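Here the structure is a predicted model, which means the values were calculated and not measured. Chain letters run A, B, ... following the sequence lines, proteins first, then strands; residues in each count from 1.
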Number of protein chains: 2
Amino acid sequence: MSRRSSVMTLAVLGLLHESPMHGYELRKRLNSMLGSFRAFSYGTLYPCLKELLANGWIAESSTATADAALPHPLSGKRGRIVYQLTAEGKEHFQALLGEVGPTAWEDEQFDVRFAFFGRTDAETRLRILEGRRSRLQERLDGVRQSMARTWERLDSYTLELQRHGLESVEREVRWLDTLIEDERLGRSDGSASTRGRPSAGHDDN
Amino acid sequence: MSRRSSVMTLAVLGLLHESPMHGYELRKRLNSMLGSFRAFSYGTLYPCLKELLANGWIAESSTATADAALPHPLSGKRGRIVYQLTAEGKEHFQALLGEVGPTAWEDEQFDVRFAFFGRTDAETRLRILEGRRSRLQERLDGVRQSMARTWERLDSYTLELQRHGLESVEREVRWLDTLIEDERLGRSDGSASTRGRPSAGHDDN
DNA sequence: TTCGTCATGTAATGGGTTACATGATTAC
DNA sequence: GTAATCATGTAACCCATTACATGACGAA
């Protein structure tokens, strides 16, 4: 139970929950899931898989199970090692998702936890969102104080950096506010609180 | 020249450039300078100071030099070790600020580099800003592509995370745009491009 | 006199990357 | 046949944190 990288563990279990996969694909899905935030390397992934295997949370499976026929018929070629979640794995994953407490809303974990909110119960979701909100609020207070003390002797660039940082956090707080409100009203779908279009095709420059 | 943590090195040299300081204070100023972004611990600071000392970039000085009378008259009490920049240190710092290239606009360094733009020449400033902008643009393209490929099979939470991440990066790009424009027009002060108030005293909740 | 904060440090550990080594398969 | 990408792994290193050890000083 050496707890090698809790975020990686969580993410892998969560992804394998959807469907069996091999390492290479796992990593791609991992990095695209966390979008602009993070990018793991193989040096992190494979040792982690090794450990999950040793813990009996995942198992090597021969090839793609049932449902989706692969684009190319490379069914039993070897080379690729497909992993799937075991019963203990599923159990452990749910246990992890149930855990609340600081780690869940700190920077390192929050995004992963959020990504799996679909499998997290409503109460836990709300507690994590609120935990993060007050965490950010603390941070805001700290920065505002230190800024109030020192803004006079800061050059314009440092000041601008400060300002932009502050604004970023304020923005995330507002984001959390809408999410919390949505949770309270019991919608987990995107039916409210005018948010921007998730369209993927416009830009200047 | 073992190059222990280039950001720490840069930050420490930059701060000592303003005035001599002891470690404890250095760390506070460091963390408040980088505001909401980072927080270094002593385990990082002191070994770094040790190395800077060994490289002859900083030197231990007896006590506060000339200018500011300290709040409490604890002038020569011992315990505190005040560091100051040497001539070689100043030279090395300027050399570091002159370096352009990927590291300067990656996430780990950009904020520190930006914080010292006041001592960076105009051309370098512009190149770093543009470097970062195109870096972020790449990231945007990547996320947009992977989103276009997979948005249909994503649950609402993952999608919302994706959307928020995307919006954050878009926002930083716009920020960089105003900064670049300002640089091109030759203002380093805050005289243009309607940006929000840096006031420190308002909030809901 | 005890508690909080200032102040300096170190050893163990953690979480991750880089660079490397290896080889199969696909596309040209 | 050769280049690109898929695919799996490991060892060496890097940057930073945590936890600990130590002690001085000021305020209650």
Quickly work out the A:Asn31 CG to C:dT17 C1' distance and round it to whole Å.
13 Å
Under 4.0 Å between a side-chain N or O of B:Tyr46 and OP1 or OP2 of C:dT8?
yes
Looking at D:dC15, I'd like to know if its phosphate oxygens (OP1 or OP2) sit under 4.0 Å from a side-chain N or O belonging to B:Thr44.
no
May I have the distance from A:Leu26 (atom CG) to D:dC6 (atom P), rounded to whole angstrom?
15 Å
Whole angstroms only, please: what is the OH-P distance between B:Tyr83 and C:dA7?
13 Å
Figure out the CG/P separation between B:Leu53 and C:dT8, and round it to whole Å.
13 Å
When you get a sec, tell me which of D:dG9, C:dG9, D:dT8 is the closest nucleotide to the side chain of A:His22?
D:dT8
How long is the line joining CD1 of A:Ile81 and P of D:dA7, in whole Å?
12 Å
Please check this pair: side chain of A:Thr86 against backbone of A:Gly56, looking for a donor-acceptor N/O pair closer than 3.5 Å.
yes
Of all heavy-atom pairs between A:Arg119 and A:Glu18, which one has the smallest distance, and what is that distance?
NH2-CG, 3.5 Å
B:Arg27 atom CZ is separated from C:dT5 atom C1', nearest whole Å, by 13 Å
With respect to the phosphate group of D:dC6, does any side-chain polar atom (N or O) of A:Tyr24 fall under 4.0 Å of OP1 or OP2?
yes
Determine whether B:Leu52 and B:Tyr83 make a side-chain contact, defined as any pair of heavy atoms from C-beta on separated by less than 4.5 Å.
no
Please classify the nucleic acid contact of B:Gly23 as base, sugar-phosphate, or nothing, using heavy-atom distances under 4.0 Å.
sugar-phosphate
Can you tell me if the side-chain N/O atoms of A:Tyr42 get under 4.0 Å from OP1 or OP2 in D:dT8?
no
Gap between atoms CG and C1', on B:Asp107 and D:dC15 respectively (whole Å):
15 Å
For DNA chain C, whose closest nucleotide is more 5', that of B:Lys28 or that of B:Pro47?
B:Lys28
For A:Glu91, is the CD atom crowded, meaning more than 12 foreign heavy atoms sit under 6.0 Å from it?
no
Axial cation check for A:Tyr42 ring with A:Arg27, 6.0 Å and 45° limits:
yes
Nearest whole Å is fine: how far is C:dA7 C1' from B:Glu60 CD?
14 Å
Just to confirm, is there a sub-4.0 Å distance from OP1 or OP2 of C:dT10 to any side-chain nitrogen or oxygen of B:Lys50?
yes
Any idea which of C:dT8, D:dT8, C:dG16 is nearest the A:Phe40 side chain?
C:dG16
